[in-house]
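So the structure is just underneath, and the comments pick up after that.
It should be emphasised that the depicted structure is a prediction, and the values quoted were computed from it without experimental measurement.
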Amino acid sequence: RLFILILSFLGYNSGIKVFIFLFITKEKPTYCIIFLNNLYLYREFECKKMRFDELDLEDAVLDGLYDMNFDETTPVQELTIPVILEGKDIIACAQTGTGKTAAYVLPVINELSKGCHPTDAVNAVIMAPTRELAQQIDQQIQGFTYFIPSVSAVAVYGGTDGIAWEQQKRGLEMGADIVIATPGRLLSHIKLGSVDLSKVSFFVLDEADRMLDMGFYDDIMQVHKQL
């Protein structure tokens, strides 16, 4: 199972034995710290302007990018996407507006588009601290998967009416490939038996530091136990 932790500002040690921590700033250079069994190597990167077609992405994913006028990667995308495509756990930290969402969403979509994962099960869980962020992530996924109808997604969050609850429940029961959820609402569906997370291959915490600040640690760990 691939574990991806996206931080909005500060680093957080998740206890993973092998991961790569990227700290991205808008100015050069970009810093990368690689942790390996409690040891780390420090390295500076001078990011170049890389095109998405230089990455190992499927044609259908590239078609969606070009349709949305995405041509060149941002630093966080350039450094993060290849790592996730290699199947490595990762923790990334970058400023707002640097393209963190696409940095993890694109490689996840890319792997799901290959058809090597279950078609009737949840394959990826993306947890976000707020309804607004969950909606934004869902909108980006809908755009990136425009040419990949085989990859489906459902956003699960609170503050909605009974009709929205039933729509979310139906999407979970049908096994949407990607579930974007706030911790509390996802736990509610888990307790009601609306979702099975036993086949999840990608687990993403977006704005993980903010979720911890908001007191969602226990909720996150309860969700993690279902994987």
Side-chain angles (χ1 to χ4, degrees), residues 2 4-9 20-32 45-117 123-155 176-181 201-208:
L2 188 60
I4 305 168
L5 191 61
I6 302 297
L7 307 185
S8 58
F9 187 65
I20 295 179
F21 173 72
L22 301 173
F23 182 77
I24 314 296
T25 62
K26 290 184 178 179
E27 296 79 21
K28 295 180 179 180
T30 296
Y31 300 97
C32 176
F45 284 95
E46 185 80 12
C47 290
K48 63 177 182 178
K49 286 186 176 294
M50 178 180 286
R51 293 181 55 85
F52 281 103
D53 55 17
E54 295 180 66
L55 299 170
D56 190 21
L57 296 173
E58 299 293 305
D59 289 342
V61 176
L62 292 173
D63 289 340
L65 285 168
Y66 298 149
D67 193 61
M68 297 174 68
N69 295 317
F70 279 66
D71 295 313
E72 294 181 341
T73 63
T74 64
V76 69
Q77 294 162 0
E78 175 188 336
L79 295 176
T80 301
I81 292 175
V83 174
I84 299 176
L85 289 175
E86 291 176 3
K88 292 184 173 66
D89 294 331
I90 188 167
I91 296 179
C93 177
Q95 294 175 332
T96 300
T98 54
K100 295 190 300 293
T101 301
Y104 69 79
V105 163
L106 289 173
V108 169
I109 292 173
N110 190 80
E111 295 308 297
L112 294 178
S113 71
K114 296 178 180 179
C116 298
H117 293 79
N123 292 303
V125 171
I126 300 172
M127 297 186 66
T130 64
R131 173 179 61 182
E132 292 74 21
L133 180 57
Q135 290 173 325
Q136 291 173 20
I137 296 169
D138 183 44
Q139 289 171 359
Q140 286 208 38
I141 291 175
Q142 299 305 326
F144 292 140
T145 59
Y146 184 81
F147 295 99
I148 315 173
S150 61
V151 177
S152 58
V154 60
D177 287 296
I178 305 173
V179 172
I180 311 104
S201 297
F202 304 93
F203 186 48
V204 183
L205 303 182
D206 198 334
E207 294 197 0

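Evaluation of the side-chain contact (heavy atoms from CB on, under 4.5 Å) rule for A60 yields I148 as partners, not counting sequence neighbours.
Between S152 and A176 the shortest heavy-atom distance is OG-CA, 3.4 Å. The two atoms that bring A155 and A134 nearest to each other are CB-O, 4.4 Å, heavy atoms only.
The six-membered or imidazole ring of F70 lies near that of F144, with a centre-to-centre distance under 6.0 Å.
A side-chain contact (heavy atoms from CB on, under 4.5 Å) with I178 is found for exactly one of N123, I109, V154, namely I109. Exactly one residue among I84, T80, V61, I90 makes a side-chain contact (heavy atoms from CB on, under 4.5 Å) with P107. That residue is I84. With E78 as the partner, the side-chain contact (heavy atoms from CB on, under 4.5 Å) test is satisfied by one option alone out of M50, R51, E54, E72: M50.
Note that the CG atom of L85 and the CG atom of L55 stand 7.5 Å from one another [nearest 0.5 Å]. Between E58 atom CD and L112 atom CG the span is 11.5 Å, to the nearest 0.5 Å. Annotation: the span from Q77 atom CD to T98 atom OG1 amounts to 8.0 Å, rounded to 0.5 Å. Taken to the nearest 0.5 Å, the CG atom of L106 stands 10.0 Å off from the OG1 atom of T101. If you take CD on E111 and CZ on F202, they are separated by 5.5 Å, rounding to the nearest 0.5 Å. With rounding to the nearest 0.5 Å, the separation of CD1 in I137 from CD1 in I126 is 6.0 Å.
Residues P82 and D56 are not in side-chain contact: their nearest non-hydrogen atoms beyond the backbone lie 4.5 Å or more apart. Within the 4.5 Å cutoff, side-chain heavy atoms of F52 are placed close to those of I81.
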Show your working on side chain to side chain contact (heavy atoms under 4.5 Å, CB included) between E207 and L133 and close with a plain yes or no.
CA-CA 9 Å; E207 294 197 0; L133 180 57; 3.7 Å; yes
Side chain to side chain contact (heavy atoms under 4.5 Å, CB included) between D71 and Y66, worked out
CA-CA 6 Å; D71 295 313; Y66 298 149; 3.8 Å; yes
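Side-chain atoms of D177 never come within 3.5 Å of backbone atoms of A153 as a donor-acceptor pair (strictly under, hydrogens ignored).
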